[in-house]
Enquirer: 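Have a look at this one before I ask anything.
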Amino acid sequence: MKNIYSTLIILLVSIAAFGQKAEIRKADKLFSQRAYIDAASAYEGVVDKNQEVLQNLGDSYFYTNQMQNAAEVYGTLFSRHEATVEPEYEFRYAHSLRAAGQDDEADKYFASYYDKDIDITEFEESIVDSSNLYIYEPEMLPAENAASSDFGISYFGEDKITFASTRNTARPIYPWNKKPALDLYTGEISEEGEISNIVLFSDAINTDEHESSAVFNEEGTVMYFDRTNEKRFKTEEGLRVANIRIYKAELVDGAWTNVEALPFTSEEFSTEHPALSPDGSTLFFASDMPGGQGSFDLYKVAINEDGSYGTPENLGPGINTEHREQFPFVSEDNVLYFSSDGHLGFGNLDVYKSEGDYTEAENLGSSINSPYDDFAFIINEGEKKGFLSSNRSGNDNLYSFTRTKYVKKTRQIDIPHENRIYFAFDKSEVTEEYQEVLDKVIDILKGSDATEIRIASHADARGTEEYNLKLSQRRADATKDYLVAHGISSNNITTKGYGESQPVNDCTEERGCSEEEYAKNRRSVITFTTMEVVED
């Protein structure tokens, strides 16, 4: 009887193992087909998730903008297999952590990936420090269908726009996100930046494949746009993928005709997101063609007077990284705007600009960029208005924005020495004596229109370095909590504990100083910045 039970147990285990292998094979097939919604569902059903399953499940969430889920799965991946995980997963994990609001952990994995210190707070401060930063006020446009994806607005004449959308339910379903294939639409722009009278673009342009990212010459008689190839290309890994090509069409007697792919495009790589220079002589675009910096790069190509094209030129390492640079737009002032997730930013795709010879990228700041994908930025520089696409709400949505002002950092102010606060040995509570001091600090902050308030806290040399670092951070947090409780915005405050690393005297050992001398190092120091706000 005992042998029978043993045999049954072995049989049941074998059946379960066989069933799990079948589930993984099914999920792997969906993943290879880039059917990420269905792949995620299939991988979720795998009970004993190995490293490859965790990688693919995390990627399935990441590629469908389920960033909280992606962060959790990548977290499990790194906790179990950190020694064997490729760096590309560090990159995606860091971006998903940023979107999930876990900035400290994101900084840690960005720092490991880029092999340098990363601090999102210091990065944001550096943007203000290095330039006069424009402030943008984006507002999401109403969507006809909350579940549809709308993105990629382009100007079409003086009072019209085009954009891409999944709202046409008559189109085939795209396995990646289980939404209809993209079509181009047109609409009219009101003075308030709202869009009305939205209709499908010409049937000569829209097909059952994806069409998106249309751009027009000044006369509105020539358009360039993206279309996904109907024919699939087989990669070196054996995957069959549909690449994207840029097409040109001409308006003849009121009808769009002469639709043809540009000569430098190919079925073997993607060319996408066309943008025209103000004089119409240069076409900018994104591509993963061979010879680039990596993933998608930005290129430009001359449009000759006879309608032929020059040789595409890569914009170089000042703009392009080993990751994605996409969605170029060139304003009437010849400012290049584009999106990238390879330059250090606020998370996922951020909008950048470049001027002059296009050798340096500048982040537009947190008033326009979010921890999610922000892309397809266009602007009328004269009117200081434009449009943006973002998936910060969960889906790709259209946003209008006004560029209202810019801020310029003017000066950093140290709180007077007599208004510093000190702590008892091995304590982080703000005592009643120093609550009165902080009340005076609060009056100073409120009377100075303070921004970028920084709290640096310290410990004396007694105890281990690790313990003192944590103790000083608790002191910084306690100082912040008191300020916030008395009316100072938490959004303006950053804290950092320095442990015993920055003494004000020579008391750097655990013995040899008086209690009074040690006490001088148990402190919080507060500084802040004032900003000048200038109308644009």
Side-chain angles (χ1 to χ4, degrees), residues 91 110 113-118 120 122-134 136 213 215 224 246 264 269-304 309-369 373-379 381 386 388 403 406 408-409 536:
F91 180 80
F110 275 130
Y113 180 80
Y114 287 112
D115 194 24
K116 64 180 182 180
D117 291 338
I118 301 293
I120 187 63
E122 291 181 0
F123 167 70
E124 185 164 9
E125 290 177 3
S126 72
I127 294 175
V128 178
D129 287 345
S130 64
S131 65
N132 293 334
L133 183 68
Y134 286 110
Y136 300 86
S213 300
V215 64
Y224 299 90
I246 298 175
F264 53 84
F269 55 80
S270 286
T271 49
E272 59 187 30
H273 310 153
L276 284 167
S277 62
D279 63 3
S281 66
T282 305
L283 184 74
F284 293 79
F285 63 95
S287 178
D288 61 352
M289 65 176 62
Q293 306 291 322
S295 188
F296 278 87
D297 282 4
L298 297 188
Y299 291 79
K300 66 178 181 178
V301 63
I303 303 175
N304 300 319
Y309 300 87
T311 302
E313 299 176 42
N314 189 292
L315 294 193
I319 299 296
N320 293 316
T321 70
E322 62 181 298
H323 296 287
R324 291 185 294 164
E325 280 70 49
Q326 296 175 299
F327 298 98
F329 170 79
V330 184
S331 73
E332 64 264 37
D333 293 341
N334 277 305
V335 179
L336 170 66
Y337 296 90
F338 66 97
S339 289
S340 171
D341 63 2
H343 295 279
L344 181 61
F346 294 95
N348 294 286
L349 288 174
D350 271 9
V351 181
Y352 295 79
K353 72 176 182 179
S354 185
E355 302 181 61
D357 55 3
Y358 304 147
T359 58
E360 186 175 356
E362 180 182 334
N363 191 291
L364 293 195
S366 60
S367 68
I368 198 74
N369 288 315
D373 285 334
D374 304 294
F375 58 100
F377 174 103
I378 65 173
I379 187 171
E381 301 271 15
L388 170 78
R403 193 176 71 191
Y406 68 88
K408 181 177 180 180
K409 185 171 183 176
D536 182 13

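Basis for what follows: all heavy atoms, side chains included, without hydrogens, waters or symmetry-related copies.
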Enquirer: Answer yes or no on whether Arg324 is positioned over the face of Phe296, meaning its NZ or CZ is under 6.0 Å from the six-membered ring centre and within 45° of the axis.
Expert: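 Pair Arg324/Phe296 does not count as cation-pi.
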Enquirer: Can a donor-acceptor pair be found between the side chains of Ser331 and Asp333 at a distance below 3.5 Å?
Expert: no
Enquirer: Report yes if some heavy atom in the side chain of Leu315 is under 4.5 Å from a heavy atom in the side chain of Leu336; otherwise report no.
Expert: yes
Enquirer: For residues Gln326 and His273, determine if any side-chain heavy atom of one lies less than 4.5 Å from a side-chain heavy atom of the other.
Expert: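 Contact flag for Gln326/His273 side chains = yes.
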Enquirer: Once you measure the plane-to-plane angle for Tyr114 and Phe91, does it fall in the parallel (<30°), tilted (30-60°) or perpendicular (>60°) bin?
Expert: perpendicular
Enquirer: Please evaluate residues Phe346 and Phe123 with respect to the criterion ring pair (Phe, Tyr, Trp, His ring centres under 6.0 Å), reporting the C-alpha separation (whole Å), side-chain torsions for both, the decisive distance (0.1 Å), and the verdict.
Expert: CA-CA 9 Å; Phe346 294 95; Phe123 167 70; 5.3 Å; yes
Enquirer: Check the orientation of His323 and Tyr113. Use parallel for under 30°, tilted for 30 to 60°, and perpendicular for over 60°.
Expert: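 Taking Tyr113 first and then His323, their aromatic rings sit tilted (interplane angle of 30° to 60°).
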Enquirer: Restricting to non-hydrogen atoms, name the atom on Gly292 and the atom on Asn314 that form the minimum distance, rounded to 0.1 Å.
Expert: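 Result for this residue pair: CA-ND2, 3.8 Å.
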Enquirer: Quick check on the 6.0 Å ring-centre criterion: do Phe327 and Phe338 meet it?
Expert: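 They do not qualify: ring centres at least 6.0 Å apart.
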Enquirer: Taking Ser277 for the side chain and Thr282 for the main chain, is one N or O donor matched with an acceptor at less than 3.5 Å?
Expert: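 Here the side-chain-to-backbone pair exists.
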Enquirer: Between the side chain of Thr271 and the main-chain N/O of Ser287, is any donor-acceptor distance below 3.5 Å?
Expert: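 Looks like no, no N/O pair under 3.5 Å.
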Enquirer: Anything under 30° is parallel, anything over 60° is perpendicular, the rest tilted; go ahead and classify Tyr352 against His343.
Expert: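 Rings of Tyr352 and His343: tilted, as their planes differ by 30° to 60°.
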